[in-house]
Amino acid sequence: MNTIILNGSPKGTKGNSEIFARQFIKTMKHPCEVKYIAKENPQQLAEFVRNFDAIIIVMPLYVHAMPGIVMKFIEQLRPAKKGQAIGFIIQAGFPETAHERYIENYLRLLAQELNYTYLGTVCKGEAAGTYMKPEFMNKKLFKQLNHLGRIYEQTGAFDKGIKEKFGHPYKLSKFQLIFLQQLEQTGIGKIGWHKFLKANNAYDQRLDRPFL
Amino acid sequence: MKTVIIKEYGDFTIPDTYVLDLTQVTVKDCLGCWTCWWKTPGRCVHKDLDEFYTKYVNADKVIIFSKVTRGFVSGNLKTLFDRSIPHYLPYTTYTTGETMHVPRYERYPDVEVYYQGEFASEEGRKVYEDYICRTFYQFYFKGISVKPINDFCLEEVI
Ligand SMILES: Cc1cc2nc3c(=O)[nH]c(=O)nc-3n(C[C@H](O)[C@H](O)[C@H](O)COP(=O)(O)O)c2cc1C
């Protein structure tokens with residue numbers, strides 16, 4: 001299938017969606033073309049994607065859904081030409097993919113309403129730090145994304161096994177909750193944030209309420 | 001009572017309210033740069049919403065007249081939602097059994113959403129309503145209601 005990948009992150013080539021998209025196409029025989037919603041005029045892009053059999057949008061979760069710029073593109077998206085397909089890969093900060101269920105429901109109905117064959121939505125949590133991690137820490141993730149892409153190229157579908165693995169945890173287990181609450185109470189969970197704040201000389205302002 | 005109106009349609013003149021008129025204003029899109037968390041905590045790198053933010057975080061009630069677009073909130077309104085992130089701290093909490101951010105402010109307003117537009121199905125309507133309720137729940141808003149515009153009653157709002 002002649003597939004176009006749309007990167008829906010406002011950060012374009014500098015974000016995690018970029019890494020996900022690149023790894024997805026990395027081991028394909030004929031890697032798909034990638035376009036950046038952040039750089040394109042939504043109307044022209046909606047016209048352009050009509051030349052493809054399939055559209056895959058790779059994007060971050062923003063406030064439980066797609067970033068505003070992706071919705072601006074969806075506003076322009078035209079009904080499918082005969083047989084056109086659409087699918088989504090969403091990566092997010094929070095670990096549990098239950099946060100993606102609202103947007104997933106919406107995207108399924110959108111595909112239906114516009115007559116696209118729905119390829120599904122692959123969701124992966126705990127992804128906000130992907131771009132900061134050394135390569136070896138991302139190795140497993142990248143292998144899975146390579147596999148997802150290769151299988152997609154061969155079959156025109158998202159691999160069920162990878163989709164399921166990425167979807168875990170859907171909700172936090174009791175054990176995970178206890179562990180995370182521990183990090184919260186001891187303040188360990190804040191250490192990473194404080195490093196960023198200090199690096200920007202903003203540590204003392206971290207609790208500011210500038211608009212009161 | 002301090003009320004903020006965000007509107008994408010209609011001409012509701014409600015006395016003593018601050019209005020963000022999205023039929024006239026295009027909100028600058030979130031860049032995902034994290035300036036609002038790491039560099040100038042609580043402040044977005046864009047300044048176009050500063051006056052609105054002041055009204056918003058101090059309001060008792062926010063009324064949104066949302067135009068249903070492709071069965072969802074419009075891109076412009078979605079961008080406004082994205083740009084609410086500065087009003088929360090980067091820290092996460094798990095006390096509700098799921099991940100949530102910690103509030104930056106002590107209190108947040110109530111919200112009433114009145115939507116105009118059609119859905120392809122009843123399921124579509126539910127998806128839209130659930131999404132909005134979910135969003136404001138995670139934003140720590142207390143009273144949350146989402147209704148079609150036909151249910152809007154000016155007397156009740158004032
Ligand atoms: C404005 C904004 C809103 C976000 N909302 C959510 C959210 O609701 N749930 C979540 O798990 N992550 C959320 N995130 C985190 C991003 O999904 C995460 O950092 C992602 O990896 C960013 O991808 P990118 O680098 O491709 O833009 C949000 C990030 C931003 C900037």
Side-chain angles (χ1 to χ4, degrees), chain A residues 9-11 14-15 38 42 60 62-75 77 93-96 98-99 101-103 105-106 108-110 112-114 125 171-172 176-181 183-184 189-190 192-193 196-197 199-203 205-212, chain B residues 27 29-35 37-43 50 53-58 69-87 89-95 97-100 102 104-106 119-121 123-124 126-128 130-131 134-135 138-139:
Chain A
S9 167
K11 291 176 82 174
K14 296 200 172 67
Y62 263 33
V63 185
H64 286 88
M66 73 297 270
I69 59 167
V70 174
M71 192 57 216
K72 289 176 186 178
F73 168 72
I74 289 175
E75 286 176 6
L77 186 64
F94 290 170
E96 69 272 44
H99 291 280
R101 67 186 181 274
Y102 301 86
I103 182 65
N105 282 332
Y106 170 70
R108 177 174 45 79
L109 293 181
L110 174 75
Q112 196 179 316
E113 195 182 330
L114 296 181
K171 291 203 167 166
L172 297 174
Q176 284 166 321
L177 267 174
I178 291 169
F179 174 74
L180 289 165
Q181 278 165 356
L183 289 188
E184 185 188 342
K190 293 182 180 174
W193 295 116
F196 292 126
L197 284 156
N200 289 299
N201 277 329
Y203 180 75
Q205 289 84 51
R206 68 193 182 284
L207 302 177
D208 274 8
R209 294 169 174 162
F211 294 106
L212 273 192
Chain B
V27 179
D29 290 307
C30 172
L31 301 174
C33 66
W34 293 131
T35 294
W37 277 0
W38 299 350
K39 293 186 180 161
T40 53
R43 288 181 193 275
D50 279 6
Y53 283 157
T54 303
K55 301 291 181 186
Y56 184 82
V57 303
N58 290 293
T69 311
R70 278 273 147 82
F72 207 63
V73 294
S74 72
N76 201 19
L77 186 58
K78 183 60 186 48
T79 284
L80 190 71
F81 288 179
D82 297 347
R83 291 206 31 213
S84 302
I85 287 292
H87 309 323
L89 297 173
Y91 312 136
T92 42
T93 175
Y94 307 90
T95 43
E98 59 171 348
T99 315
M100 282 176 82
V102 176
R104 181 180 292 280
Y105 292 91
E106 251 166 44
F119 295 92
S121 63
E123 190 187 2
K126 191 168 169 355
V127 165
Y128 167 93
D130 286 353
Y131 167 69
R134 168 71 185 176
T135 295
Q138 280 252 333
F139 281 165

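Side chains included, hydrogens not; waters and symmetry mates left out as well; all remaining heavy atoms used. To find a chain, count down the sequence lines: A is the first, B the second, and so on, and within it residues start at 1.
- Ion pair A:Glu75/B:Lys78 not flagged as a salt bridge, since none of the NZ, NE, NH1 or NH2 atoms sits closer than 4.0 Å to an Asp/Glu carboxylate oxygen.
- Taken from CZ in A:Phe196 to CH2 in B:Trp37, the straight-line distance is 11.5 Å, to the nearest 0.5 Å.
- For the pair B:Arg83 and A:Tyr62, the cation-pi test (distance below 6.0 Å, angle within 45°) is failed.
- Annotation: the span from A:Gln205 atom CD to B:Thr40 atom OG1 amounts to 9.5 Å, rounded to 0.5 Å.
- Here the shortest heavy-atom pairing between B:Thr99 and A:His99 reads O-CE1, 3.3 Å.
- In this structure, chain B has no heavy atom under 4.5 Å from any part of A:Leu183.
- Distance OH/A:Tyr106 to OH/B:Tyr128: 11.5 Å, rounded to 0.5 Å.
- Contact of A:Glu184 with chain B is made through the side chain alone, with heavy-atom distances under 4.5 Å.
- Considering only heavy-atom pairs separated by less than 4.5 Å from chain B, the leading option among A:Ala38, A:Pro210, A:Pro10 is A:Pro210.
- By number of non-hydrogen pairs under 4.5 angstrom with chain A, the leading residue of B:Asp29, B:Asp82, B:Val57, B:Asn58 is B:Asp82.
- Both the backbone and the side chain of A:Leu180 come within contact range of chain B, each with at least one heavy atom under 4.5 Å from a heavy atom of that chain.
- To the nearest 0.5 Å, atom OH of residue B:Tyr94 and atom CG of residue A:Leu172 are 7.5 Å apart.
- Counting heavy atoms from C-beta outward, A:Arg206 and B:Tyr91 have side chains that approach closer than 4.5 Å.
- Among B:Val102, B:Asn76, B:Val127, the residue with the largest count of heavy-atom pairs under 4.5 Å with chain A is B:Val127.
- By the salt bridge (Lys or Arg N to Asp or Glu O under 4.0 Å) test, B:Asp130 pairs with B:Lys126, sequence neighbours left out.
- In terms of heavy-atom pairs under 4.5 angstrom with chain A, the leader among B:Ser121, B:Cys33, B:Gly42 is B:Gly42.
- Minimum heavy-atom separation, B:Arg104 to A:Leu207: NH1-C, 3.9 Å.
- Considering CG of B:Leu31 and NZ of A:Lys14, their distance stands at 11.5 Å, rounded to 0.5 Å.
- Only the side chain of A:Leu109 has a heavy atom closer than 4.5 Å to any heavy atom of chain B.
- Between B:Leu89 atom CG and A:Asp208 atom CG the span is 10.0 Å, to the nearest 0.5 Å.
- Taking 4.0 Å as the cut-off between side-chain N and carboxylate O, A:Glu113 and B:Arg70 do not count as a salt-bridged pair.
- Taking a 6.0 Å sphere around NZ of A:Lys11, one finds it holds more than 12 heavy atoms contributed by other residues, nucleotides or ligands.
- Chain A forms more heavy-atom pairs under 4.5 Å with one residue of B:Phe81, B:Trp34, B:Tyr131 than with any other, namely B:Tyr131.
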